[in-house]
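Take a look at the structure set out below.
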Number of protein chains: 2
Amino acid sequence: MDILSRNIQDYLKHIYALTEDGGAASTTDLAARLGVAPASVTGMIQRLANAAPPLVEYRKHQGVRLTPHGEKAALEVIRHHRLLETYLVTMLGYSWDTVHEEACRLEHVISEEFESKIAAVLGHPTHDPHGEPIPNEALEMPADQALPLSALRPPQKALILRVRTENPALLRHLEQLGLVPGTKIQVVGYSSFDQNLTIHITQARNLQHVIGFSISSQIYVALQSFP
Amino acid sequence: MDILSRNIQDYLKHIYALTEDGGAASTTDLAARLGVAPASVTGMIQRLANAAPPLVEYRKHQGVRLTPHGEKAALEVIRHHRLLETYLVTMLGYSWDTVHEEACRLEHVISEEFESKIAAVLGHPTHDPHGEPIPNEALEMPADQALPLSALRPPQKALILRVRTENPALLRHLEQLGLVPGTKIQVVGYSSFDQNLTIHITQARNLQHVIGFSISSQIYVALQSFP
DNA sequence: TATTATTTTTAGGTAAGACTAAATTATTTT
DNA sequence: AAAATAATTTAGTCTTACCTAAAAATAATA
Ligand SMILES: [Mn+2]
Ligand SMILES: [Mn+2]
Ligand SMILES: [Mn+2]
Ligand SMILES: [Mn+2]
């Protein structure tokens, strides 16, 4: 298993995302993310587990997690992806809702030379246009203590760090609302019935929005010191 | 045959190159260029000929040529390739002997948006770093009346237009000799025994090189008006 | 705990695109 | 024209990566 096919690279990338916070990645979740039948995932998972060296650790019906080898390979793809997104937005004027698709194709074919050249041109960025951390050249992921906006309650204040979606329509929506990385906000309302949050955008005088859980759980923030 | 696989795209590109000056492309030549067994080429050619619409015209043992459909597809890939090469050299500092490989992978995955963005950034270039013409947006190939340097005899003068090789070692060699697009030269010697040409570089006082046919036939020039 | 419902795996198939070895066809040479 | 050589095609396999349908295992519910 010397050179990894682009399909395998995508599998590893998605397994990484699904296992980032602890648990194992289930067959169904992977199938949904990859747009593929669950049976196909089972087949691929078995190949990844039987590879030499193994890329995932797998116990039937228990889901998968990455081995150190698999994680390294995943981080390499993720670095490519996020550097590319940054490059496309910064240097070629892509909008943040369209970069993902392009980067998802390019990530598998660029050389290490290309990677290091765009990293240099960009000044070795640590975060992509959505605020996602970019692993450094040694593939270490910059740590941050982000938590989902959905976990906040009034009157907590926070700084938006990243937006964890690739959905172009949602990204355009968030941009319209001003809920982008770098924005300072305050939670000013919460409804326990539907989990809606009312968000006030600190910089703007009377701008506030009511957002549902499916949005607030995708936005990651850093809590601001609070008197 | 709606979307063409990258393998098919490469086949079409190489068929274009082999048929550019008239004739048909033979199975063996294609196999050599693609780094694949002749039998594999036969298999692929049959698929290309039976596609709807057909991409090549094929008669057993007679070689192939592109249909108008196939040619359009080939030119699309060639435009991608040459724009990419130009971008990599101009914007990312690649050297002209290393761009080919990178462009050959990227050409199959960039979107039309990417194509038009880099074309715009570069100011819609008409030639790539090797002097090869870049088809315009309508996929029309800019015409030029280039002829191989190997066809010249003393004391003809010429301007180097392009270098038709992807061989990194040869490209580095030519750069060293100063035989790059834009250079003005004069043929000052010819040996009918080995077809060697002695080339004088006009700009430089006493710089001249003896080059063999396998090099001079790869360099394309425009004849300079001659008294 | 027994029965459903959900999730996951197995079994059997397909399509691309490559390979090798053997068979054919074309082209040269004698 | 026959024989030898070179080029091309056919036949039979292989790998990757997907699919559907059926079987099996796990989780949820009565
Ligand atoms: Mn991808
Ligand atoms: Mn991103
Ligand atoms: Mn290519
Ligand atoms: Mn070129």
Side-chain angles (χ1 to χ4, degrees), chain A residues 1-15 18-19 23-66 70 73-74 77 104-105 107-109, chain B residues 1-15 18-19 23-66 70 73-74 77 104-105 107-109:
Chain A
M1 207 38 100
D2 201 24
I3 185 119
L4 304 178
S5 74
R6 68 198 79 214
N7 288 300
I8 289 180
Q9 289 179 16
D10 272 341
Y11 270 85
L12 295 177
K13 195 177 66 167
H14 283 109
I15 294 170
L18 286 171
T19 57
S26 77
T27 304
T28 329
D29 287 356
L30 261 174
R33 285 185 74 115
L34 290 158
V36 134
S40 308
V41 172
T42 301
M44 179 61 97
I45 277 174
Q46 290 170 342
R47 280 179 45 220
L48 298 178
N50 296 329
L55 295 161
V56 301
E57 199 186 323
Y58 167 61
R59 284 199 330 282
K60 278 189 187 184
H61 299 96
Q62 304 303 127
V64 281
R65 18 173 62 93
L66 296 169
V77 186
C104 199
R105 277 177 280 109
E107 65 193 0
H108 309 290
V109 305
Chain B
M1 208 38 99
D2 203 25
I3 185 120
L4 305 178
S5 74
R6 67 197 79 213
N7 288 301
I8 289 180
Q9 290 180 14
D10 273 341
Y11 270 86
L12 296 176
K13 197 177 65 168
H14 283 109
I15 293 171
L18 286 171
T19 57
S26 76
T27 304
T28 330
D29 287 356
L30 262 174
R33 286 186 74 117
L34 290 157
V36 133
S40 309
V41 172
T42 300
M44 177 61 97
I45 278 175
Q46 291 171 341
R47 283 181 40 223
L48 298 179
N50 297 329
L55 295 162
V56 301
E57 199 187 322
Y58 167 60
R59 287 198 329 282
K60 279 189 185 179
H61 298 95
Q62 304 302 124
V64 280
R65 19 172 61 91
L66 295 170
V77 186
C104 199
R105 277 178 278 108
E107 65 192 359
H108 309 291
V109 305

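Chain letters run A, B, ... following the sequence lines, proteins first and then strands; every chain starts at 1.
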side-chain contact (heavy atoms from CB on, under 4.5 Å) assessment of B:I15 paired with B:R65: CA-CA 7 Å; B:I15 293 171; B:R65 19 172 61 91; 5.9 Å; no
Heavy-atom side-chain proximity of A:L4 to A:L12 below 4.5 angstrom: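 Of all side-chain heavy-atom pairs linking A:L12 with A:L4, at least one is under 4.5 Å.
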Side chain proximity check, A:Y11 to A:V36, heavy atoms < 4.5 angstrom: yes
Atom of A:A25, atom of A:T19 and distance for their closest heavy-atom approach: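 Scanning both residues, the minimum pair turns out to be N-CG2, 3.6 Å.
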Spatial distance of atom CD (A:E107) from atom CZ (A:R6) [nearest 0.5 Å]: 10.0 Å
Would you kindly give the [atom1]-to-[atom2] distance between [X] and [N], to the nearest whole Å?
X     : N      : atom1 : atom2 : answer
B:I3  : C:dA15 : CD1   : P     : 19 Å
A:N50 : D:dT15 : CG    : C1'   : 15 Å
B:Y58 : D:dA7  : OH    : C1'   : 12 Å
A:Q9  : D:dT16 : CD    : P     : 15 Å
B:R6  : D:dT16 : CZ    : P     : 17 Å
B:R47 : D:dT10 : CZ    : C1'   : 17 Å
B:D29 : D:dA6  : CG    : P     : 16 Å
A:I45 : C:dT7  : CD1   : P     : 15 Å

Residue matched to D:dA3 through Watson-Crick or wobble contacts both under 3.5 angstrom: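 Pairing partner, where one exists within any strand: C:dT28.
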Below 4.0 Å: OP1/OP2 of D:dA17 and any side-chain N or O of A:S5: yes
Distance test, side-chain N/O of B:S26 to OP1/OP2 of D:dA7, below 4.0 Å: no
Sugar-phosphate only, base, or nothing, as touched by B:T27 at under 4.0 Å among non-hydrogen atoms: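 Here B:T27 touches the backbone only, sparing every base.
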Contact state string [nucleotides 18-28 of chain D, B base, S sugar-phosphate only, - no protein heavy atom under 4.0 Å]: SBBB---SS--
Counting only pairs under 3.5 Å, give me each side-chain donor-acceptor contact of residues 39-55 of chain B, with atom names and distances, residues two or more places apart or in other chains.
unit_1 : atom_1 : unit_2 : atom_2 : d
B:T42  : OG1    : B:P38  : O      : 3.4
B:N50  : ND2    : B:Q46  : O      : 3.0

Steps toward side-chain contact (heavy atoms from CB on, under 4.5 Å) verdict (A:D29, A:H14): CA-CA 9 Å; A:D29 287 356; A:H14 283 109; over 6 Å; no
